[in-house]
Each structure stands twice: as structure tokens, then as C-alpha cells.
Amino acid sequence: MTMKVTSKTFIRKTKRGNILKIVREHYLRDDIGCGSKICKKCKHNSERPLVKHQSINADFPDKHYLLVDTNVVLHQIDALEDETLKNVIILQTVLEEVKHLSHSVYKRLMDIIGNYSKSFYVFVNVYHRDTYVERVRGESPNDYNDRMIRVAALWYNKHLDDKIKVLLLSSDEANKAKAINEGIPTMSLEQYVSGLNNITLTDKLSNRTCMVEETSKEPIFPPHLTPAKIHQGIKSGKLMQGTFFASSDNFLEGNVFVEGQEKNILLQGRENLNRAINGDIVAIQILPESQWSAPANLVLADYDDLDLENNLNNVEKPKEKYPTGQVVGIIRKKWRQYCGIIQHSLVENATRHLFVPAEKKIPKIRIETRQYDKLKDQRVIVSIDTWPRTSRYPLGHFVRSLGKIGEREAENEVILLEHDVPHSKFSDEVLGCLPKETWTISAADFVGRKDFRDLDICSVDPPGCTDIDDALHCMPLDNGNFQVGVHIADVTHFVKPGTAIDLEASQRATTVYLTGRRIDMVPGLLSSNLCSLRGGEERLAFSCVWEMTPNADIVNSTYTKSVIKSKAAMTYDQAQLIIDDQNQDNSIALGLRQLNKFAKILKQRRIEAGALVLASPEIRFLVDNETRDPLDVEVKQLKETNSMVEEFMLLANVEVAKKIHSDFPEFAVLRRHPKPPPSNFESLIKAAAHLGVELNVDTSRDLANSLDKAVKLDNPFFNTMLRILATRCMLQAVYFASGTKTYEEFLHYGLAAPIYTHFTSPIRRYADVMVHRLLAVSVAVDNTTPEMLDKRKIEALCQNLNTRTRMSAYAERASVALNTHIFFRGKIRDEEGYILYVRKNALQILIPKYGLEGTLFLSPRKGQLQAATFIYNEEEQTQRCGEIVFRTFDPVSVQLSLDSSNVQHERIVLKLVKPEIPNFSVPSITASVIAVQQPQKNPLEPCDSPCEPQLKKAKI
């Protein structure tokens with residue numbers, strides 16, 4: 001190996017006026033392999049080189065490899081992911097430029113490079129003696145990178161001696177022209193793909209030049225301002241920037257969150273939304289106050305529902321107006337790949353089609369494909385390329401198919417992709433971090449640990465739970481007090497900082513529980529075996545041990561790594577039976593009863609301090625073990641043992657939070673629940689006041705007391721409804737680094753806890769893993785790492801934790817909704833429900849038995865006639881038809897069935913049974929269930945297990 005050194009010298013003046021000479025040396029080598037298997041010159045080629053030439057191309061018949069420029073990677077990453085394109089050279093110049101311009105594309109490119117079957121080879125051209133070139137004075141960074149790419153392409157063709165060509169693919173016309181003049185084989189990716197005659201690959205091309213459907217078409221939207229004008233407008237205060245959130249009820253409405261503004265900025269109508277897509281960072285201009293409006297209070301799913309323009313224009317002027325604005329520019333697009341279906345087309349052999357996203361907040365997307373007959377009954381993925389002013393819809397391209405509409409695997413894949421849940425198989429690198437399956441605790445593992453194997457420890461979990469994070473014990477002491485222990489799986493023994501498994505867990509952030517499927521944060525060998533505190537098996541743990549008085553006061557605390565052996569792994573029902581059966585007087589039974597007594601005391605203290613007892617209906621599916629058909633849906637019943645476990649998990653989390661904050665005041669990973677602004681409660685307070693119930697929301701204690709007093713004898717479900725709606729007024733609890741907030745901001749509003757963290761579920765939450773590492777240092781059983789004391793890195797991890805936690809909750813709800821639809825296929829049922837919200841054209845109804853919320857439309861859908869007329873009173877939030885008045889919280893009887901006419905958005909249809917309204921209500925069905933004939937067999941299969949995998953513990 002020979003080495004050449006180039007250097008650059010810079011003269012810089014410091015703040016003190018001193019002259020500083022900086023010399024940067026750049027080392028060039030001649031032993032960097034070209035990656036070609038046929039090359040005999042390079043002795044240091046990769047272990048997995050370019051194995052063979054690319055497929056025969058009609059427009060380029062020579063045997064060849066491909067070399068792509070930066071623009072091809074940035075704009076055509078979907079095509080590069082296709083299995084057709086193999087043996088591609090990625091220059092270090094391109095890799096660095098992509099990393100700088102788009103982190104998401106860079107990550108996808110690295111995944112392709114890591115897929116060895118694709119044979120993507122990274123050539124480090126910037127350190128190769130023959131391919132490195134100096135940047136000349138006055139040359140732009142873009143021109144310099146293009147020149148580096150051309151030099152490398154030319155070198156490759158000379159280096160391989162025409163045994164195989166290297167074809168440069170570039171979408172830059174100027175760069176292509178220069179490459180051709182320099183004798184480099186060059187073409188665009190579009191031209192190359194056309195020579196392959198591959199329809200699927202052609203559909204994946206991003207057609208960024210297709211800006212308008214017809215050049216003569218009139219603009220539909222106002223123009224966006226230039227970046228310079230947007231920057232100037234924001235700087236001068238004439239414009240604001242914020243995040244756009246599309247309405248989930250009304251697709252022609254949305255709002256923009258602007259930091260520092262008390263209320264979000266309302267956007268209404270197509271022109272004011274001005275091509276913003278949910279999640280975009282937008283620039284907005286506030287309209288004159290005379291044009292301010294209020295949410296339309298309409299449920300509008302799409303253009304087929306109602307005559308929307310008229311409905312929006314005819315909304316009576318609201319008494320309370322909100323700041324209203326218009327989007328004048330998109331600062332940062334948050335576009336991603338979208339799942340959905342291709343809308344049915346009546347035009348034969350058409351190539352232009354509308355894609356309907358599964359996410360209702362996303363508009364339809366126009367794509368071009370010649371595969372309609374193949375894709376019309378498929379769930380597909382589409383990417384957006386652009387949204388010109390002249391197009392009613394954004395323009396995009398097909399990416400790939402997920403499977404047939406209705407097939408369980410395809411539908412679950414849609415849920416995971418739409419909610420950005422990482423669910424690929426664990427990589428070989430991650431699996432390589434695992435111990436052998438036969439791993440057992442060795443003598444070395446006892447060093448620094450206490451031996452608790454003789455204690456009567458037990459775990460209490462949902463049925464079928466295999467990832468057992470926690471276990472408890474309680475035993476009397478000679479002085480009349482009790483020793484109470486909370487023992488948590490020691491995941492950090494297996495997941496070391498900075499390893500592949502640690503990085504993967506930090507990205508996944510949480511285990512996701514779908515109906516019949518669990519997506520683990522860590523591989524199953526850990527989650528369901530070596531870390532799980534299974535009964536009768538020795539396991540490593542992190543224990544919190546307290547001495548408690550009979551009145552549940554903590555006398556002293558000990559935190560220690562330990563070895564435990566659980567004496568019993570029970571379900572909530574089994575533990576409850578032991579507690580209730582006074583004939584059982586063994587140590588486990590006595591310990592459980594004392595823990596239950598303590599839990600009641602601890603809960604009462606929390607409530608007296610202002611902790612909220614809210615409600616959120618949760619259901620589980622019962623299915624036939626043989627046919628796997630759903631048999632019934634039931635609301636989960638909570639027992640005293642649920643509360644018992646919860647109270648001790650809360651206590652451990654609070655006590656650990658105090659400990660790590662005292663030792664790491666700047667770097668502790670904590671969890672806060674901000675106090676909701678008063679405006680969040682306005683609609684709830686108004687709805688309760690109409691029924692003579694006064695809600696005080698000044699503090700959490702005031703709210704808790706108000707909820708306790710809110711009882712109506714004629715409506716036993718009223719208090720539960722009120723608590724459900726109060727839950728929806730809350731802000732999201734979030735993780736944060738202690739050094740980024742004042743102590744007063746640490747407050748967990750819902751728990752009325754001054755300080756709080758998550759310690760008790762490290763198998764399924766990465767936040768708990770971070771807390772375990774801090775606590776280990778606090779008790780001197782481990783050493784700190786630089787990452788633990790880097791506030792910026794901690795905060796970045798916390799932001800990812802918050803996002804992943806929120807999206808996993810959405811995914812779990814979507815999974816429940818999917819399986820509810822499966823259950824209702826072929827069924828009609830009459831059920832009791834309660835009005836959650838009164839809208840201008842609908843009632844939102846909660847069905848407690850199924851924990852589902854549905855819409856009872858009061859206005860006729862487009863093309864339908866309706867004799868009954870409803871009058872909406874916005875001030876009182878009521879709907880009246882004759883003598884019958886509907887208010888929030890009112891009980892109703894409704895008929896439920898599944899509308900499958902829209903295969904993209906199947907929905908539960910609600911029809912009013914009682915109160916009876918002539919020409920509107922439907923008669924009650926005589927039987928509880930009536931099978932209705934379906935046009936085709938249900939392609940959806942039920943879930944795998946007898947009951948859905950329940951959440952381990954409440955996500956408090």
C-alpha cells in the first residue's frame with residue numbers, strides 16, 4: 001500500500017486577535033478495492049462484491065454495473081429498493097451528500113446497502129488516490145460533487161478494461177451532458193428503466209416533471225410564497241410558522257399549532273388549506289378578524305358525503321370566533337409513504353388513477369400505473385411526488401403491494417406502516433448480541449447482587465402474558481412492620497449501551513400490542529424467556545425493597561441488583577381468588593392480602609392529593625379456538641388485584657424518580673404530565689352545565705372532587721361518561737431530561753405526583769432501560785457512560801420515546817377497530833349507547849359494551865332523501881326533532897351493522913332505535929343477532945389467540 005497526502009492550509013483570526021494557522025491533511029490510498037468480482041487488479045475487494053452484471057437492457061446492451069448520482073438516490077429511492085436493480089455502485093461522495101440532505105432517504109439507502117442480495121457496493125472515492133480531486137476556486141459544492149462522480153465513473157470504466165461497462169445514471173441534465181462529452185456511458189434512470197420493459201419498476205419512478213395535468217388548466221389553489229418571502233414575513237411578524245394538523249372529522253378543515261399562541265390557528269376551505277398535508281410545517285397568514293370563524297362542527301369524511309362547499313358556506317356565523325388563517329407556503333414537507341387502495345375506475349385501459357389513503361387526514365393521490373387490473377383489489381403503498389396548483393389532488397407514484405384487501409396480514413401491515421411502527425425482523429447483528437438459549441445464571445452474576453431466591457415472590461399479570469416485567473413480595477418483620485419488595489426484570493444485564501441490540505431497542509422505544517400479535521422491543525429470547533420473571537425460574541432483577549409501617553409509611557428504602565426465583569406467576573383472577581379465599585393462609589396468600597391492604601391506603605392518599613380517576617373503555621375479543629371466528633366482544637373487567645399491582649408500580653416509579661434526580665439533577669430521565677389549559681375543558685364544562693353539573697378545573701384535586709360529585713340517579717353511566725370525556729381533555733404525558741425543565745414543571749398532573757418516571761417495565765419500554773442504568777450508577781453497581789451525561793442525546797432519545805409511544809397507542813386502537821369490524825361482519829345488533837358529542841349533522845355515540853364510538857348521521861347523505869328534519873342549537877349543543885331533544889350524555893338505543901360498501905373505509909353504521917322518531921328510527925330487531933347475507937365470503941380472518949394480548953400495565 002502506498003499513501004499520498006494532500007493538505008489545505010487556513011489562516012483564521014481568533015476573537016482575541018491572534019492569528020491561527022490550521023492545516024488539514026487528507027490521506028489518499030491505492031488499496032481501496034473497486035468491488036468487482038471479475039477484477040484481478042484489486043486485492044482488497046469487499047467480501048460481498050459486485051457479483052455479476054446488471055440485467056440486459058434494450059437501450060444499453062453491454063454488460064454493465066450501475067453508478068448513480070445524488071439526485072437519483074434522493075428522488076428515486078423507491079425504484080432503487082426494487083429487486084430488479086442490483087449491482088449498483090454508491091460513491092462515498094453520494095452517500096455523504098444524501099446524508100446531509102435527507103436523513104430518511106439515507107437510512108433507506110443504508111438498509112439497501114445492508115441487504116447483500118442487492119449487491120450495492122460503497123466505493124470510498126474521496127480517499128482513493130485516483131478518484132479524489134481538489135475543489136477549484138469558485139466551484140460550487142454541487143458542481144464539485146458532480147465532478148467527483150464523473151471522475152469516479154470514468155476511472156471505473158478505464159479500470160475494468162472494458163470487460164464490463166459502468167453506466168452512470170443521472171437526473172441532472174447538465175451533469176449528463178458533461179459526462180457524455182467526457183466519454184462516460186450515461187443516461188437517466190427513466191430511460192434505463194424503459195429499456196428493461198418492467199411495468200412494476202416503471203410505476204415506482206417518481207415523475208417530478210409532471211407538474212400539471214393540462215398546461216391550459218386554471219389554477220385551483222393560490223400560489224405559495226418563495227422561501228425568501230416566507231423567511232422575511234416570519235421575521236417581520238406578518239407570517240407565522242407552525243405544524244398543520246388535518247381534522248379527523250372534516251377533511252376541509254384543519255388547524256395549525258403555533259408555539260406561543262394560546263389557541264391553534266383555524267384553517268377552513270380548500271384554498272386556505274392550500275395543499276398542506278397533515279404534519280407539514282407551514283407558513284400561515286392570519287386573516288382579518290372580520291373573516292375569523294369557528295370549527296364547522298360537521299362530520300365530513302369525503303366529497304361523496306354531502307354538498308360540502310355549500311355546507312361550509314352556509315354554516316351560521318358562530319358567536320365565538322377563533323383566529324383563522326391561510327397557508328401561504330410549505331416550509332418543510334412531512335410526506336411519507338401511504339397505505340391504501342386504488343379507487344375503482346370505469347374507464348377501460350386507463351393509466352391515471354386515484355389512490356385513496358387509509359389515513360382519512362390524507363387527500364387522495366393521483367398516480368399513473370398500467371397495473372390497475374392487478375392492483376384493484378390490493379392494499380398498496382404510494383408516495384407523493386408533488387402537488388401543483390392546477391391539480392385538485394397531489395401527484396404520486398406506486399411503490400409496492402401489501403396483499404389482498406381484507407387479508408389479515410395485509411391489514412395488520414397497513415396498521416403498522418401507517419403508524420410508523422418498526423416491525424422488521426431483528427437483524428443478524430442484533431441477534432448476535434444475545435446469549436445462548438441455554439444461558440443460566442453463573443456464580444459471576446451474583447457479584448454485586450443480593451440473593452432473594454428464598455423470598456416468597458410472585459407475579460400478577462393478564463392471562464397469556466409472557467413478558468413478565470415485575471414481581472412482588474411482602475413479609476412481616478419482628479418489629480411489627482413489613483418488608484415489601486418490587487422486583488423488576490434486569491434487562492440492562494443483556495442490553496449493553498451502544499450495542500446493536502441497544503440501538504435497535506432505542507429506535508423501537510416500546511413493545512406494540514396488536515390484537516393477536518405483539519411486536520417486541522427486544523428479541524423474544526429476552527422478552528419471553530431470559531428476562532421474563534417466570535414462575536419457578538431463577539432470574540436477574542433490579543429490586544426496590546422498603547420497610548413499611550402497617551399504615552403504609554416507608555421507613556427506609558433499598559435499591560439493589562438481585563437474583564430472584566418467583567414462587568408463582570398468577571393472573572389477576574387467580575390472585576383475586578387467593579385473596580378472597582380466607583381458607584388459604586400460606587405465605588403467598590398472606591403477602592397478597594397485606595399488599596392489597598397497602599394498595600388501598602396508597603390509592604386513597606393519591607386521590608386525596610388530587611390524583612384523577614379517569615376512564616377509557618378497553619375491550620377484548622373472544623374467539624373460537626378451532627374456527628378462529630370472533631364469538632364475542634367484552635369490556636375488560638378490573639379487579640382489586642389490578643389496582644394492587646398498579647399502586648406498587650406507581651410507588652416504585654415515584655421513589656426511583658426521587659433517587660435518580662437527587663443523584664443526577666441534570667440528566668435524570670423523568671415523565672411529566674402537563675396541566676391542561678382551561679380551554680381544553682370548555683366544551684366539557686358547557687355540556688355538564690346544561691345538565692346542572694358544575695365542574696371546577698382549577699386544580700387536579702378540584703377536578704377530581706367535581707367528578708366524584710357528578711352523579712345522576714336517572715343515568716348510572718353519566719359519571720363514567722364524564723370521566724371518559726375528561727380523559728380526552730388531557731395533554732399527553734411525555735419523557736424529558738430533568739435538566740431541561742424547572743422542578744415545578746416535573747409535575748405529573750394526572751397522578752398528582754411532583755416527580756415521576758418509568759422504571760417498572762424495561763422489557764417493553766426503553767425509557768425504563770435508561771432509568772435502570774441511572775439507578776445502577778446511583779447504587780454503585782455500574783459506571784456512567786458519556787451518553788448518560790449528554791443532555792442533548794438524552795432529550796433526543798426522549799423525543800423519539802414520546803413519538804413512538806403515541807404512535808403505538810394509535811396502532812393498538814386501530815387494531816381493535818379492525819377486529820371490531822371483523823366481528824360485526826354479517827351481524828346486526830341493538831345496543832344501548834350514550835351521546836358523547838352533538839354535531840351540526842350528527843351525534844357521536846359511545847357503545848359501552850364494545851368500547852366503540854360511532855357516528856349517527858342526522859342529515860341525509862348525498863343522493864338520499866330524508867323526511868325527518870333536525871334543528872341544531874349551537875349555543876345549547878342540542879339537536880331537536882319535534883318534541884325530542886338530544887343532549888350530550890343522553891342514553892339512546894341504536895342498531896349496529898357493518899357497512900362494507902367502501903372497502904377502503906369499512907365502518908360501523910349506527911341507526912336510531914329509541915327514542916322513536918317517525919320516518920327516521922328503525923324498528924328493534926327481535927333477536928339479539930340476525931345474520932345478514934353477504935355478497936361474498938369474508939376474506940378477513942379473526943385474531944390468533946383466545947383473547948387479545950392485553951397491555952401489561954396501564955400506561956400512566
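Heads up: numbering here begins at 1 and tracks the sequence. Computed over heavy atoms, backbone and side chain alike; hydrogens, waters and symmetry mates excluded. A quick note: this is a predicted structure, and the numbers were derived from the prediction, not measured.
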Requested in this report: Could you walk me through whether Y156 and F123 pass the ring pair (Phe, Tyr, Trp, His ring centres under 6.0 Å) test, one step at a time?
Outcome: CA-CA 10 Å; Y156 256 106; F123 177 63; 5.2 Å; yes
Requested in this report: Side-chain contact test, heavy atoms from C-beta onward, threshold under 4.5 Å: evaluate it for R366 versus L354 and give yes or no.
Outcome: yes
Query raised in the report: Going by atom types only, do E359 and N278 share a side-chain donor-acceptor pair under 3.5 Å?
Result: no
Requested in this report: Would you give the length of the straight line joining atom CG of L201 to atom CD of Q76, rounded to the nearest 0.5 angstrom?
Outcome: 9.5 Å
Report task. Report the residue from V126, N145, V122, N125 that forms a side-chain contact (heavy atoms from CB on, under 4.5 Å) with L91. Result -> N125
Report summary line: salt bridge (Lys or Arg N to Asp or Glu O under 4.0 Å) filter on E81, not counting sequence neighbours, yields R108
Requested in this report: Any chance you could measure T510, atom OG1, to N802, atom CG, to the nearest 0.5 Å?
Outcome: 11.5 Å
Query - Approximate separation, where rounding is to 0.5 Å, of I164 CD1 and N87 CG - result: 7.5 Å
Query raised in the report: Between R29 and D31, is there a salt bridge with N-O shorter than 4.0 Å?
Result: yes
Report summary line: salt bridge (charged side-chain N to carboxylate O under 4.0 Å, His left out) pairs touching residues 170-183, sequence neighbours excluded, are R150-E182, E173-K176
Query raised in the report: Has the side chain of K364 got a donor or acceptor atom that lies under 3.5 Å from a matching backbone atom of F355?
Result: no
**Report entry** Test item: D280 side-chain N/O and I330 main-chain N/O as donor-acceptor pair under 3.5 Å
**Finding:** no
Tell me which donor-acceptor pairs under 3.5 Å the side chains of residues 413-423 have, and how far apart each pair is, sequence neighbours excluded?
| unit_1 | atom_1 | unit_2 | atom_2 | d |
| --- | --- | --- | --- | --- |
| E413 | OE1 | H423 | NE2 | 3.3 |
| E413 | OE2 | H423 | NE2 | 3.0 |
| E418 | OE1 | R336 | NH2 | 3.2 |
| E418 | OE2 | R336 | NH1 | 3.3 |
| E418 | OE2 | C339 | N | 2.8 |
| H419 | ND1 | I415 | O | 2.8 |
| D420 | OD2 | R804 | NH1 | 3.2 |
| H423 | ND1 | V421 | O | 2.7 |

Query - Heavy atoms from other residues, nucleotides or ligands near NZ of K41 exceed 12 (cutoff 6.0 Å) - result: yes
**Report entry** Distance in Å, S383 OG paired with I77 CD1, rounded so as to fall on 0.5 Å steps
**Finding:** 10.5 Å
Report summary line: On a heavy-atom basis, the closest approach of A153 and L67 is CA-CD1, 4.1 Å
Report task. Sort and list the pairs that fulfil salt bridge (charged side-chain N to carboxylate O under 4.0 Å, His left out) and have at least one residue in residues 136-147, not counting sequence neighbours. Result -> E139-R147
**Report entry** Criterion side-chain contact (heavy atoms from CB on, under 4.5 Å) on K361 and F244, from CA distance to verdict
**Finding:** CA-CA 11 Å; K361 295 181 180 181; F244 170 70; over 6 Å; no
Query raised in the report: Which of these, T84, D203, D82, sits in a side chain to side chain donor-acceptor pair (under 3.5 Å) with N198?
Result: T84
Report task. For residues R275 and P363, determine if any side-chain heavy atom of one lies less than 4.5 Å from a side-chain heavy atom of the other. Result -> no
Requested in this report: On the 0 to 90° scale, with breaks at 30° and 60°, tag the H64-F60 ring pair as parallel, tilted or perpendicular.
Outcome: perpendicular
Requested in this report: Report yes or no: does D111 contribute a side-chain atom to a donor-acceptor pair with the main-chain N or O of G114 at less than 3.5 Å?
Outcome: no
Requested in this report: Answer yes or no: are there more than 12 heavy-atom neighbours, outside R370 itself, under 6.0 Å from its atom CZ?
Outcome: no
Query raised in the report: Judged by atom type as modelled, is there a donor-acceptor pair below 3.5 Å linking the side chain of N157 to the main-chain atoms of I184?
Result: no
Report summary line: Contacts of D130 meeting salt bridge (Lys or Arg N to Asp or Glu O under 4.0 Å) (sequence neighbours excluded), chain-then-number -> none
Report task. Give me the one residue out of L95, V94, L101 that meets side-chain contact (heavy atoms from CB on, under 4.5 Å) with E97. Result -> L101
Query raised in the report: Does H224 use its side chain to pair, donor to acceptor, with the backbone of R389 at less than 3.5 Å?
Result: no
Query - Listed once per pair and sorted, the salt bridge (charged side-chain N to carboxylate O under 4.0 Å, His left out) pairs that draw on residues 114-124, sequence neighbours left out - result: none
Report task. Would you confirm whether R508, through its side chain, and D520, through its main-chain N or O, come within 3.5 Å as a donor-acceptor pair? Result -> yes
